[in-house]
Amino acid sequence: MKKTKLSFITTLYRFGIPFETDATVFNKKDLAFEDCEKIVYFTLNKKENKTILSLKLNTKDRVYGLGETLGPLNKRGKVYRLYATDDPVHTPEKDSLYGSHPFIIISNKFGFFIDYPGEIIFDICYTKFDEMKIEINSNNFDLYIFDTKNDIEIIQEYLKLTGKPYIPPKWAFGYQQCRWSYPDAKTIQEIAYTFRGKNIPCDAIYMDIDYMENYKVFTVDSNKFPNFPEFVSNMKKLGFNLVPIIDPGVKIEDGYDVYEEGVKNGYFCKDKNNEYFVATVWPGYTHFPDFLNPEVREWWGEKYKLFTDLGITGFWNDMNEPSIFFVPKTLKEYLKKVDELKEKEVGLEFFMIKDEAINLSNRREYYKSFYHNTPQGIYSNDELHNLYGYYMTKATVEGFEKIIPNKRYLLLSRSSYAGHHRIATIWMGDNMSWWEHMLVNIRMLQSLNLSGFFYTGADIGGFGANSSPELVVRWMQLGVFSPLYRNHSALGTRHQEPWAFDEYIEDILRNTIKLRYALIPYLYSEFFRSIDNLTPFISPLFLYFDDEISKDIEDQFMVGASIMATPIIQPNANGRFVHLPENKWLYWKASKHNSRNIKVYNPGEYYIEANIDEVPIFIRENSLIALNEEEINYVNEKQITDLTVIGFVTDSAEFIYFEDDGETYDFNNGRFAKIKIQVNKIDNGYNYEIEKDESEDFESSVKRIKFEIYDENGQKYTEIVEL
Ligand code: GLC
């Protein structure tokens, strides 16, 4: 073991010769290491091809992080296995999901990040109440220790190491509609016209696997989409972004260009006999592109041109754990076993055969049996397993740099590794239309934000299983605060578009989506501020408040610095218990974006009411939020000329409104405007200070600010300031 100091706070401990994963943003080549025997905090136990790190914890130590994992926000009490897995049934006992983010905060003590792309098992106070035991399936890895007691500083160090979070285009803050599938142009157009006809804002419609010709990646079925370019352009005119799904498995089929090019150039992963590895996914038998090879990435990345040339800038890279339904040989062996049972009287064997069928998918042995040809050598997929989704996404992004330079994109991936947050994002995979999964959504939103994924979200309304009208309403209300606001549902389940139920529910959902659109000036400005400060956009309360109760809370969270969300996630409830920490709060029971139902609360514990049509919003004392009250159908439909600023000011408050073109990286070159808005309490009201900071070639469109400020008694003061 060797170590080197990377900053005042961070030490890198190097074990063996690790694979350079790409998780970090600096060049490690010239690092000067010194040999060392001891490591701080952990007890080390090296075994053959395994390393075990253990750490004693006090009863009240809190453990956060691990990005996309199930279980509580404070990760104690569960085993987490970081080994990317396509598991569509997220029940509490499951230990693996799609991503691997081995970053941990031991609150008020220190933080660490294990840069290792194979299997890592975290037993966090599960086997022993006071012990964390980490089993790394290798003797080659990097361990970074962030030696500060300050949780925010730990996150900032991690983000300095792994990179600033990715910024999607502004339209990605609008509402997005998905379903597996809207299979053809006609259906998608109908959905689009319904949104516009019913006056429900929406910015994106997704294209799930059925748009392809027999699920062949980078094809569009010409029967279902007779004139694809014209269709895309018509959708654009209506203000809709299309977001096609891209799966990595390439169908084995003579005459299919992607397959033939891949075979000719040796771009697919091979098995130990140097034959292309065959796995079965949606298209049937497929090969997997070897994204760990830079030449393959170059080839793959340019394929997105098929869509980007038509103006499409949204994509979701799916199935990239990679998911394997089965490999043909294993299925055959299984079917033979079933065949042998045909003539027998079957009893207990039934269960064996049933479970074995389920276990045909995603077997570890499959991942051990194919290889990546990387610039660092040949490795089995098992050794680098958690990198496949990241490198598929890296291929996409490297392609974008060439084919749509300086254009921001919405890019979701299902699988990911640490550092993925720098180039794109993820959604949380296949959840269910269960009330319990709203809590899972909330916990993961916070954990992912702690791990750098500021823009992310779950399938709103739930993917699998049938949803109920009330569940969809409450989840869509929670979604108002989810950076990625996408409703998605699976084939064969009940529809959950805003109009899928009855007119009463449709009306509530219309108002809910309009509330989200009204909040975009606040959300977008705060998102940029979070990126600048390297602090989570969606934060657990413990990052803001010191009191003991806040530390236990996982179903309330901060959205930016001024709003606390307290979503209702219980069926048949007309309210909920909330904890209001530290200061006074202004409760806005929002049934519509332009109607206020306001009440001031002192700090403490309360049962607050929020009927089915009301979204609870808490505004922190001495803070402001900015709204666009003009109704829009989609984000870029109209420029914002009038801002409404709602404030709860007992002394003074400040907000910085941020504006840019919303679609390029020109803000990096100063093409943006900021409006600093300050509200100060004076004897008989308030005074308002406004400072504009614009670059020469970017002028803010805001002409007027309508202030609506509440004092400690909830009394309202209004003022209109022309800019
Ligand atoms: C996977 C994805 C899901 C998608 C489905 C069909 O289950 O996670 O979002 O709808 O595949 O493509």
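Just so you know, residue 1 is the first one in the sequence shown, and it goes up from there. Order of appearance sets the numbers: ligands from 1, and atoms from 1 within every ligand. Computed from a predicted model, the values in this text were never measured in an experiment.
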With a 4.5 Å limit on heavy-atom distance, are the side chains of F481 and I442 in contact? no

One pair to check against ring-ring contact (aromatic ring centres under 6.0 Å, His included): F537 and Y524. What are the steps and the verdict? CA-CA 10 Å; F537 172 53; Y524 194 66; over 10 Å; no

Between N487 and D459, does the side chain to side chain contact (heavy atoms under 4.5 Å, CB included) criterion hold? Intermediate values first, please. CA-CA 6 Å; N487 176 324; D459 288 349; over 6 Å; no

Amino acids contacting ligand 1, non-hydrogen cut-off under 4.0 Å: W180, D208, I209, I245, W282, W316, D318, R414, W427, D430, F463, H488

Tell me yes or no: between the side chains of D382 and Y83, is some donor less than 3.5 Å from an acceptor? yes

Is L491 close to R179 at the side-chain level, that is, under 4.5 Å between some pair of heavy atoms? no

Might you work through the side chain to side chain contact (heavy atoms under 4.5 Å, CB included) test for W300 and F218, ending with a clear yes or no? CA-CA 10 Å; W300 185 267; F218 301 121; 3.6 Å; yes

